[in-house]
Amino acid sequence: MSETAKTNGELAHSLDVIIVGAGFGGLYALHRMRGMGLSARVLEQGDDIGGTWFWNRYPGARCDVESMQYSYSFSDEIAQEWEWKELYATQPEIHAYIKFVADKLKLRDGIQLNTKVTSAKFDEKTRRWTVTTEAGETFDARYCIMATGCLSVPLAPDIPGLKEFGGEVFMTSDWPKDGVNVAGKRVGLIGTGSSGIQITPRLAEKSAQLHVFQRTPNYSIPAQNRPLDSNYIDMWKKNYPERRKIARAARNNTMNSPGQRSGTEVTPEQFKAELESRWASGGIGFMYAFTDITTNRKVNEMTSNFVRDKIREIVKDPKKAAILAPSNYPIGAKRICVDTDYFDTFNRENVALHDIKADPIKTMSKDGVVLESGETVPLDILVLATGFDAMTGALNRIDIRGVGGKAMKEKWVDGPRTYFGLMVSGFPNMFIVAGPQSPSVFTNMVTSCEQHVDWISDTVKTLDESGKSLIDAEEKAEDAWVAHVSEIADRSLIIEGVNSWYTGANIPGKPRVITPYLGGAVLYMDKLNQATKNDFEGFRVD
Ligand code: NA7
């Protein structure tokens, strides 16, 4: 059966596979399923494909994994044809790449845009999932693949009086397609995570006055971004298979020359020299200077101090520098940021920094932000870069019902429970791409999506070939995986002392548990491959 199978001239609603989400994971899943001769359809809530790289189109949005690596590896033809422009690609460039791939693989006719999935229900008798959309359309399929993304549900802050504000309000995660004209305007920015740090210099250079409202300072490493020269591109293109292999042998699926020594094995001078060199080459590789930056308190403190010193060096006003330098949590406990000129932007005369930990936002008024101290900061535009209901947000917003009508949201009331972040016991034939408790956001996401989609496709193929029609995670295996995820997290400093979306702590009331798997992509894939080889150990296949 092929996806083009139509009933009465309409696209079939009864399929082999339904895929939710048209980002990197969902698009590759469609390609693989079609390649296996299965009928498949992608349902996407946005009015274009691209997922994260469709929605987050704010000025300055850029990937913090190098562009030569942040791309699909399954097709050498695509890798050879596409030409990246900069070391770190911008959002428009990545979005263009995703559209190029979709066209090249002729995926468009298998994707239904403007289609928000509201529920997915499993029928034990027929062993089929019924998926319903906001518009009331239903689809049913043997398998359901949730490629709904890790950071796809934006969080609007609960600021009193927000509706009273007389100016305009924009979210970085749903930036107007035509852009926002900030020229000559007084702009406020709330949120100093990756999104806030990326948009700050861009707002500063165009607006009359920028007010950054910072609750928690972040550690950020310079990207040292640059246009790619043809020699560098050629070197990659000639050696892609080999280089991808090296990347896949790294714990984050990325080539960034991980250091082989503990930070305790070197002299203070060698330690500093290594960090200086990583700072000069830029990017997330900084965090891999030594093997134990996120596990050894002393090494972490020395690394944190290095970054604090850099911030104090860059930011000329000591008062601003003191506010911008994180002082009370370990580097890595919040997702490390990668920036272009972020700290230097605070040297501009038109940029003000407000420490809203010390003087919190009391309310919004018609004119702008009113602080607890009584000061009003007048604004024309307010930009919110306030983060996401990460990892579980998109899945929990769909009414997913498994065996016996059990709701996944109820099962996850104390935090996600999965087997390998791929399947949830009691929800047979439903797969998650880069789900909670898989390495996902700690890796090159494109590679992690490919690894998951490959596993799902191979599994479906194995089932079909052996005349089986059901796969589920065993509860005992799931419990063991959940325990393993948390045991690994306990060895890390990553969950310490700060509210982060890694643990759900950025949302009041959300259960505080580590959601990504911290054991690294290599250990993770070894374990998954081993279980698969052992006759789907921990899975029930029928
Ligand atoms: P993040 O990293 O979750 O950052 C959100 C920021 O918004 C952070 O600075 C928060 O401060 C701030 N925030 C959130 N709510 C409020 C309220 N109510 N008042 C003041 N400040 C607030 O989201 P990003 O979009 O920047 O990045 C997400 C990931 O995308 C990133 O890690 C990369 O992987 C790509 P807080 O720290 O909670 O004090």
Side-chain angles (χ1 to χ4, degrees), residues 23 51-53 55-58 60-65 70 88 91 94 149-162 169-175 188-200 211-221 223 252 254 283-284 287 323-324 326-329 332-339 342 353-364 369-372 377 382-391 393 434 439-446 448 494 497-510 512 515-516:
T52 289
W53 297 107
W55 294 102
N56 291 276
R57 50 186 114 76
Y58 58 87
R62 206 180 272 283
C63 186
D64 53 19
V65 175
Y70 195 77
Y88 294 95
Q91 174 272 333
I94 302 172
C150 295
L151 293 152
S152 44
V153 177
L155 268 189
D158 193 11
I159 299 174
L162 196 52
V169 181
F170 301 101
M171 291 194 83
T172 48
S173 48
D174 191 11
W175 199 252
L189 169 70
I190 301 180
T192 50
S194 286
S195 306
I197 280 177
Q198 288 187 335
I199 200 173
T200 292
H211 293 274
V212 177
F213 298 91
Q214 176 198 277
R215 193 163 65 180
T216 311
N218 259 295
Y219 295 94
S220 187
I221 312 300
N252 64 348
T254 313
I284 284 175
M287 292 301 285
I323 296 169
L324 287 165
S327 58
N328 57 0
Y329 70 92
K334 270 179 177 291
R335 172 75 144 74
I336 193 83
C337 300
V338 174
D339 70 279
Y342 175 64
L353 175 65
H354 302 267
D355 178 0
I356 55 169
K357 197 79 139 216
D359 187 5
I361 295 175
K362 187 176 172 201
T363 184
M364 292 293 295
V369 167
V370 182
L371 300 169
E372 289 281 356
V377 182
L382 178 66
V383 175
L384 301 173
T386 42
F388 299 87
D389 184 354
M391 306 302 287
S440 60
V441 293
F442 272 89
T443 66
N444 178 344
M445 278 295 281
V446 185
S448 278
I494 272 177
V498 74
N499 289 346
S500 138
W501 58 263
Y502 286 160
T503 58
N506 62 328
I507 301 179
K510 191 168 171 174
R512 293 193 177 202
T515 39

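Quick caveat: nothing in here was measured; it's all calculated off a predicted structure. Counting starts at 1 for both ligands and their atoms, in listed order. Quick note: residue numbers are just sequence positions, from 1.
Taking only nitrogen or oxygen atoms, main chain and side chain alike, Thr216 reaches within less than 3.5 Å of ligand 1. Annotation: Arg215 places an N or O atom under 3.5 Å from an N or O atom of ligand 1; distance criterion only. The N/O atoms of Asp64, backbone and side chain alike, include none that comes under 3.5 Å of an N/O atom in ligand 1. Between Trp501 and ligand 1, at least one N/O pair is under 3.5 Å apart.
Atom CD1 of Ile197 and atom CG of Asp339 lie 6.5 Å apart (nearest 0.5 Å). Considering CZ of Phe388 and OG of Ser195, their distance stands at 5.0 Å, rounded to 0.5 Å. Atom-to-atom distance recorded for Met171:CE and Leu382:CG is 10.0 Å, nearest 0.5 angstrom.
Minimum heavy-atom separation, Asn218 to Pro326: C-CG, 3.6 Å. Taking every heavy atom of both residues into account, Gly188 and Phe213 meet most closely at CA-CE1, 4.0 Å. A pairwise comparison of heavy atoms in Gln91 and Asn56 identifies CG-O, 3.2 Å as the closest pair.
What sits closest to atom 4 (O) of ligand 1 on the protein, heavy atoms only, is Gly193 CA, 3.6 Å. Among protein heavy atoms, the minimum distance from atom 20 (C) of ligand 1 is reached at Ile190 CG2, 3.5 Å. The protein heavy atom nearest to atom 23 (O) of ligand 1 is Gly387 CA, 3.3 Å. Nearest protein neighbour of atom 31 (C) of ligand 1, counting heavy atoms only, is Ser194 OG, 3.5 Å. The nearest protein atom to atom 29 (C) of ligand 1, hydrogens excluded, is given as Leu151 CD1, 3.7 Å; this is a heavy-atom distance. For atom 6 (C) of ligand 1, the closest heavy atom belonging to the protein is Ala385 O, 3.4 Å. Scanning the protein for heavy atoms near atom 24 (P) of ligand 1, the closest one is Ser195 OG, 3.4 Å. For atom 14 (C) of ligand 1, the nearest protein heavy atom (residue, atom name, distance) is Thr386 O, 3.5 Å.
Below 30°, between 30° and 60°, or above 60°: for Tyr219 and Tyr329 the angle between ring planes is above 60°, a perpendicular geometry.
Contacts of Val441 with ligand 1, taken as heavy-atom pairs under 4.0 Å, are absent altogether. Of all the heavy atoms of Phe213, none lies under 4.0 Å from any atom of ligand 1, so neither backbone nor side chain is involved.
With sequence neighbours excluded, no residue satisfies side-chain hydrogen bond (donor to acceptor under 3.5 Å, both in side chains) with Lys362.
With contacts defined as side-chain heavy-atom distances shorter than 4.5 Å, the pair Lys334/Thr216 qualifies. Under the 4.5 Å side-chain criterion, counting only non-hydrogen atoms from C-beta, Asp174 is not in contact with Pro154.
Against a heavy-atom cut-off of under 4.0 Å, Arg335 is close to the following atoms of ligand 1: 32 (O), 34 (O). Residue-ligand proximity, Ile356 to ligand 1, at heavy-atom distances under 4.0 Å covers atoms 20 (C). Taking a cut-off of under 4.0 Å to the non-hydrogen atoms of Phe388, the atoms of ligand 1 that pass are 25 (O). Within the listing of ligand 1, atoms 17 (C), 18 (N) sit less than 4.0 angstrom from a heavy atom of Pro157.
Side-chain atoms of Thr515 come within 3.5 Å of backbone atoms of Tyr502 as a donor-acceptor pair (strictly under, hydrogens ignored). Checked by atom type and distance alone, the side chain of Asp359 pairs as donor or acceptor with a backbone atom of Glu372 at under 3.5 Å.
Of the candidates Pro360, Pro326, Ala61, Gly191, the one placing a heavy atom closest to atom 12 (C) of ligand 1 is Gly191.
Shown are Val212, Leu371, Val369, Ile361; of these, the side-chain contact (heavy atoms from CB on, under 4.5 Å) with His354 is made only by Leu371.
Using a non-hydrogen distance threshold of 4.0 Å, Lys334 registers as a contact of ligand 1. Heavy-atom distances between Thr192 and ligand 1 reach below 4.0 Å in at least one pair.
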